[in-house]
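Since the structure comes first, as structure tokens, the remarks are kept for the end.
Residue numbers run from 1 in the order of the sequence given.
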Amino acid sequence: MSLHRRLQQRAAENKPVRIGLIGAGKFGAMYLAQIPRTPGVQLVAIADLSPDAARTNLERVGWEPERAAARSVQEALQNGTTWITEDWQALTREPSIDIVVECTGNPVAAVEHCLDAFAHGKHVVNVTVEADAFCGPLLARRAQQAGVLYSLAFGDQPALICDLVDWARTCGFPVVAAGRGHKWLPHFSESTPETVWGHYGLTPEQAKRGGLNPKMFNSFLDGSKPSIESAAVANATRLGVPSDGLLYPPASVEDIPFVTRPKSEGGVLERKGMVEVVSSLEADGRRIPYDIRMGVWVTVEAETDYIRNCFEEYNAHTDPSGRYFTLYKRWHLIGLEVGVSVASVALRGEPTGVATCWNADVIATAKRDLAAGETLDGEGGYTVWGKLLPAERSMRLGGLPLGLAHNVKLVRPVKKGQSLCWADVAMNTSTHAYKLRREMEAMFGPSFQARAA
């Protein structure tokens, strides 16, 4: 309850939390829209590969031109304005910046940005959850070793789900399941940037007006992003992962406590303590009334008769047994909420979600028959989608993480629906992202999982 008051205090003392933003696309633009309305923070600098595009987004969200007119970091600090540059290292290595918000959406680049920020004493709020999905546990460890904080971004569903899980456990409830909603039918896994808007429910004109990236939005639709975000949640909360991918049970908000129970009790879960994603569409494509498509939820269990009686007395909506109850937020506001992470990291010294184990992985899976010599185009593209698997199973398969399936050439054919492995591709082994992933496999692999169990 204290974050806003403490931000006001920082403003009164003229000691703002100083921020550097890397990537000013759609998500970054949403955060930019809120910064002028938030006390006690200063966006010192924006790094973007296209400064002109960054300025266009600033104009779109209502920034006055003089607010981003600084010609250097020093001028920005002196005048309380913002400098725009192409040089991301000017942010990660600037002593005056407290927190770097990584918002590029490019997982390979994001890993490099995070590591450099850690090395120069910067906390990181990582919006690029794709990077967290394939090496978040080791990013968290590297941050800890550097004496800084690494955090998932509030507003994105993983951090919101982590918040609900923390609420439940702090109240003393066992978490039976937790996750997000999604508009899902099985054939959506084959969607491409050319088909996304029709499935998603927007017109091309609406998408253009909002500056929406069809490949990025297709990564939501085709199941890649739900898998990525579920992996981040599982690794942050130690919840389990379905053995063969997300099930996407269809359910209204009222039905969530019915379906997110173990199979033995009439639900869909393999066991208690799992991540899952609830679909807003029936199997025949009909829209479910009062859905959770844009929201997050956690299902908890009443372990005693007294707690079950409390659920009944206060009209808590439960399953028929009265044991399982779901708390939910029906909406998330994406980049408009990132300020909560920035304030929590800066003022409380607490991340809004961070990997604590390696339970989950997301593996590139063929959308169609792929031929040797083809180039993979990563999440949301034309070639692969991401399938959530337990990390131990991914290790046994030698699975190719979706976050590294960008601009990579196939060396042998892969059938539609088949999950790819390292041996299927000619990988660039020189990147920080590849090296960190391989180091994590050695550190957190099957032997680690056995010890952890």
Side-chain angles (χ1 to χ4, degrees), residues 1-5 152 154-155 157-182 229-230 232-242 246-280 288-333 337 340 344 348 350-354 356-357 359:
M1 296 293 185
S2 66
L3 285 177
H4 184 253
R5 177 180 56 79
L152 297 173
F154 214 76
Q157 286 161 307
L160 300 179
I161 298 166
C162 289
D163 188 53
L164 289 179
V165 170
D166 189 57
W167 164 84
R169 290 170 171 168
T170 302
C171 292
F173 290 116
V175 174
V176 178
R180 51 164 285 176
H182 186 49
E229 295 187 346
S230 297
V233 171
N235 292 336
T237 63
R238 297 181 177 266
L239 291 172
V241 178
L246 293 165
L247 300 174
Y248 298 101
S252 68
V253 167
E254 289 192 350
D255 287 338
I256 295 175
F258 292 73
V259 302
T260 58
R261 301 177 292 176
K263 288 180 182 178
S264 59
E265 299 179 48
V268 303
L269 303 181
E270 296 172 29
R271 57 180 173 82
K272 295 177 184 179
M274 306 283 283
V275 294
E276 190 50 82
V277 173
V278 170
S279 176
S280 64
I288 294 172
Y290 204 68
D291 63 65
I292 195 72
R293 176 183 176 186
M294 301 300 291
V296 296
W297 53 269
V298 62
T299 298
V300 301
E301 182 178 6
E303 294 186 294
T304 68
D305 288 339
Y306 178 81
I307 298 171
R308 285 195 290 275
N309 290 341
C310 287
F311 284 170
E312 181 179 313
E313 292 157 7
Y314 287 91
N315 292 315
H317 184 78
T318 66
D319 77 313
S321 74
R323 291 176 58 191
Y324 299 109
F325 164 73
T326 299
L327 187 72
Y328 65 93
K329 286 185 175 182
R330 197 161 176 243
W331 302 98
H332 70 299
L333 297 180
E337 299 183 68
V340 173
S344 182
R348 289 181 180 157
E350 183 178 22
T352 52
V354 62
T356 60
C357 66
N359 277 0

Just by modelled atom types, is the [Y] backbone N or O under 3.5 Å from a matching donor or acceptor in the [X] side chain?
X      : Y      : value
Glu276 : Leu247 : yes
His332 : Gln157 : no
Asn235 : Asn359 : yes
Trp297 : Arg180 : yes
Arg330 : Asp291 : yes

In Å and rounded to the nearest 0.5 Å, what is the [atom1] to [atom2] distance from [X] to [Y]?
X      : Y      : atom1 : atom2 : value
Tyr248 : His182 : OH    : NE2   : 5.0 Å
Phe258 : His317 : CZ    : NE2   : 4.5 Å
Lys272 : Thr299 : NZ    : OG1   : 12.0 Å
Asp255 : Ile292 : CG    : CD1   : 12.0 Å
Ile288 : Glu254 : CD1   : CD    : 12.5 Å

Search all heavy atoms of [X] against all heavy atoms of [Y] and return the closest pair with its distance.
X      : Y      : answer
Ile256 : Ala251 : N-CB, 4.3 Å
Val278 : Thr260 : CG2-CG2, 4.5 Å
Gly240 : Arg271 : CA-NH2, 3.6 Å
Glu337 : Gly155 : CB-CA, 3.5 Å
Val176 : Leu269 : O-CD1, 3.6 Å
Val268 : Pro249 : CG2-CG, 4.0 Å

Next on the checklist: List the residues meeting side chain to side chain donor-acceptor pair (under 3.5 Å) with Glu265, not counting sequence neighbours, and say none if there are none.
Outcome noted: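 Testing Glu265 for side chain to side chain donor-acceptor pair (under 3.5 Å), a comparison that skips the adjacent residues, returns Arg323, Tyr324.
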Checklist outcome for this item: With sequence neighbours left out, the residues meeting side chain to side chain donor-acceptor pair (under 3.5 Å) with Arg293 are none
State, with a plain yes or no, whether a side-chain heavy atom of [X] is found less than 4.5 Å away from one of [Y].
X      : Y      : value
Pro174 : Glu303 : yes
Val275 : Pro242 : yes
Val277 : Ser230 : yes
Arg308 : Ser321 : no

Show the atom names and distances, to 0.1 Å, of all donor-acceptor pairs under 3.5 Å that link a side chain in residues 161-173 to residues at least two apart or in another chain.
unit_1: Arg169; atom_1: NH1; unit_2: Thr237; atom_2: O; d: 2.9
unit_1: Arg169; atom_1: NH2; unit_2: Thr237; atom_2: O; d: 3.1
unit_1: Thr170; atom_1: OG1; unit_2: Asp166; atom_2: O; d: 2.6

Item to check | Criterion side-chain contact (heavy atoms from CB on, under 4.5 Å) on Leu327 and Val300, from CA distance to verdict | outcome: CA-CA 8 Å; Leu327 187 72; Val300 301; over 6 Å; no
Checklist entry - Do the rings of Phe311 and Phe325 sit parallel, tilted or perpendicular, given the 30° and 60° boundaries? => result tilted
